[in-house]
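Only one structure is covered here, and it is reproduced in the block below.
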Amino acid sequence: GDITARGEGSHGIHAESNMDSGLMGIRNSGTIEIGGSNAFGIKAMAYQRDDVEGSAEMNIVNTGKIALGADATGSTGILANNYETLGTVSLTNAGKLTVAGSNAGAISVFGNQYAGVNNTGLITTVDGSGIVAQSGPGDTIVVNTGDIVVASQSGSATVYGINAISDYGNAAVRHAGGTLKAMGEGSIGIAVKGQNEQLIQVDANTHVDAATGCLLYTSPSPRDMRRS
């Protein structure tokens, strides 16, 4: 079915857990329309308990349409954060994410042990990043074969088509097809930061269009994440 939510801090789908192990799964094939500041189309959170080494898996699949309106300042299309010690996040987007608010991004994920994003869909923003993925001691992997078109209008933060970060592990991005375009001063098409190995692979017959096409960087990290 379809979901409409409006107002500051609103959510289309919201799931939270501290279950320590097992699977948190979210699948959306409908239309989610969001309005209001600091809002989320999909928000999934898993928290670490002090007395348990959690290992929950988070799996999110979007094949539908998520649209954030022009009043959705500081909002995020899909936010998925797993803070458990061995927690993982795997996110697949084959749908359409449209983000019209200022300082608002499309996809933001954090998995302490692993963060993975596979995009085959369409992502557009007017003032924010397309995909930002981060892990702690684990690895971060982003694969894109879809279309990502992002822009920076406010100039208040660096805008990335894809930004992959691992605080202490490996980070990699593969752009294997589709359009990847980041518009605006200081925009970056693909950025990767890993404590160990860093990799950006742009396949033949694909293109990255941005003020800076590809960037491998080390600390301090230029981050554009929302972890609330």
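Think of L122 as one node in a network of Ile, Leu, Val, Met, Phe, Trp and Tyr side chains linked at under 4.5 Å; it has no links at all. In this structure, L199 stands alone, with no Ile, Leu, Val, Met, Phe, Trp or Tyr side-chain heavy atom under 4.5 Å from its own, directly or through other members. Residues Y114, I141 make up the rest of the hydrophobic cluster containing V143, defined by ILVMFWY side-chain heavy atoms closer than 4.5 Å, directly or through other members.
Rounded to the nearest 0.5 Å, atoms NZ (K96) and OG1 (T31) are 10.0 Å apart. Put simply, CG on D127 and CG on N103 are 6.0 Å apart, with the number rounded to the nearest 0.5 Å. To the nearest 0.5 Å, atoms CD1 (I3) and CD1 (I42) are separated by 8.0 Å. Note that CZ of R174 and CD1 of I190 are 11.5 Å apart. Values are rounded to the nearest 0.5 Å. Summarising the geometry, atom CD1 belonging to I32 is positioned 9.0 Å from atom CG belonging to L97; distances are rounded to the nearest 0.5 Å. Expressed to the nearest 0.5 Å, how far CG of N81 lies from CD of Q134 amounts to 9.0 Å.
Summarising the geometry of E197 relative to N170, their closest heavy-atom pair is N-OD1, 3.0 Å, with the distance given to 0.1 Å. Taking both residues in full, the closest heavy atoms of S129 and Y160 are given as OG-N, 2.9 Å, listed atom of the first, atom of the second, then distance. Contact record, H175 with N144: ND1-ND2, 3.1 Å, taken as the closest heavy-atom pair. Of all heavy-atom pairs spanning S152 and V159, the tightest one is CB-CG2, 3.4 Å. The nearest pair of heavy atoms linking V192 to A172 is CG1-N, 4.3 Å. Heavy atoms only, all atoms of each residue included: Q113 and T85 are closest at OE1-O, 3.7 Å.
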Can you give the donor-acceptor pairs under 3.5 Å from side chains of residues 22-30 to other protein atoms, not counting sequence neighbours?
unit_1	atom_1	unit_2	atom_2	d
N28	OD1	G30	N	3.3
N28	ND2	G30	O	3.4
N28	ND2	N62	OD1	2.8

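Two different hydrophobic clusters hold I107 and V149 under the rule that ILVMFWY side chains link at heavy-atom gaps under 4.5 Å. Transitive grouping of hydrophobic side chains (ILVMFWY, heavy atoms separated by less than 4.5 Å) brings F40 and Y83 into a common cluster. Under the 4.5 Å side-chain heavy-atom criterion for grouping Ile, Leu, Val, Met, Phe, Trp and Tyr, V202 is connected to V142 within one hydrophobic cluster.
The backbone N or O of G36 lies less than 3.5 Å from a partner atom in the side chain of S75, making a donor-acceptor pair. No donor-acceptor pair closer than 3.5 Å links the side chain of N38 to the backbone N or O of G9. In this structure, N82 contributes its side chain and V89 its backbone to no donor-acceptor pair below 3.5 Å. Judged purely by atom type and a 3.5 angstrom limit, N118 has no side-chain atom pairing as donor or acceptor with the backbone of T92. A donor-acceptor pair is defined here as one N or O able to donate and one able to accept, closer than 3.5 Å; no such pair exists between the side chain of N163 and the backbone of V132. Within the 3.5 Å criterion, the main-chain N or O of I34 finds no donor-acceptor partner in the side chain of S10.
Evaluated for a side-chain contact (heavy atoms from CB on, under 4.5 Å) with S102, the options T73, V126, D71 yield exactly one hit, T73. With L91 as the fixed residue, the side-chain contact (heavy atoms from CB on, under 4.5 Å) test singles out one of I78, V61, N59: I78. Between I123 and the choices T98, D147, V99, N93, the side-chain contact (heavy atoms from CB on, under 4.5 Å) rule is met once, by N93.
Dense packing is recorded around CG of N196, with more than 12 heavy atoms of other residues, nucleotides or ligands lying under 6.0 Å away.
With sequence neighbours left out, the side-chain hydrogen bond (donor to acceptor under 3.5 Å, both in side chains) criterion links S135 to T140, S166. Applying the side-chain hydrogen bond (donor to acceptor under 3.5 Å, both in side chains) test to Q201 and every residue at least two apart in sequence or in another chain returns D203.
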- Message: Run the side chain to side chain contact (heavy atoms under 4.5 Å, CB included) test on K65 and D2 for me, step by step, so that the C-alpha distance in whole Å, both residues' side-chain angles and the decisive distance to 0.1 Å come before the verdict.
- Response: CA-CA 9 Å; K65 177 182 177 182; D2 298 338; over 6 Å; no
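Side chain to side chain, E84 and N112 fail the donor-acceptor criterion of an N or O pair below 3.5 Å.
Using a 4.5 Å heavy-atom threshold, the side chains of R6 and E33 count as touching.
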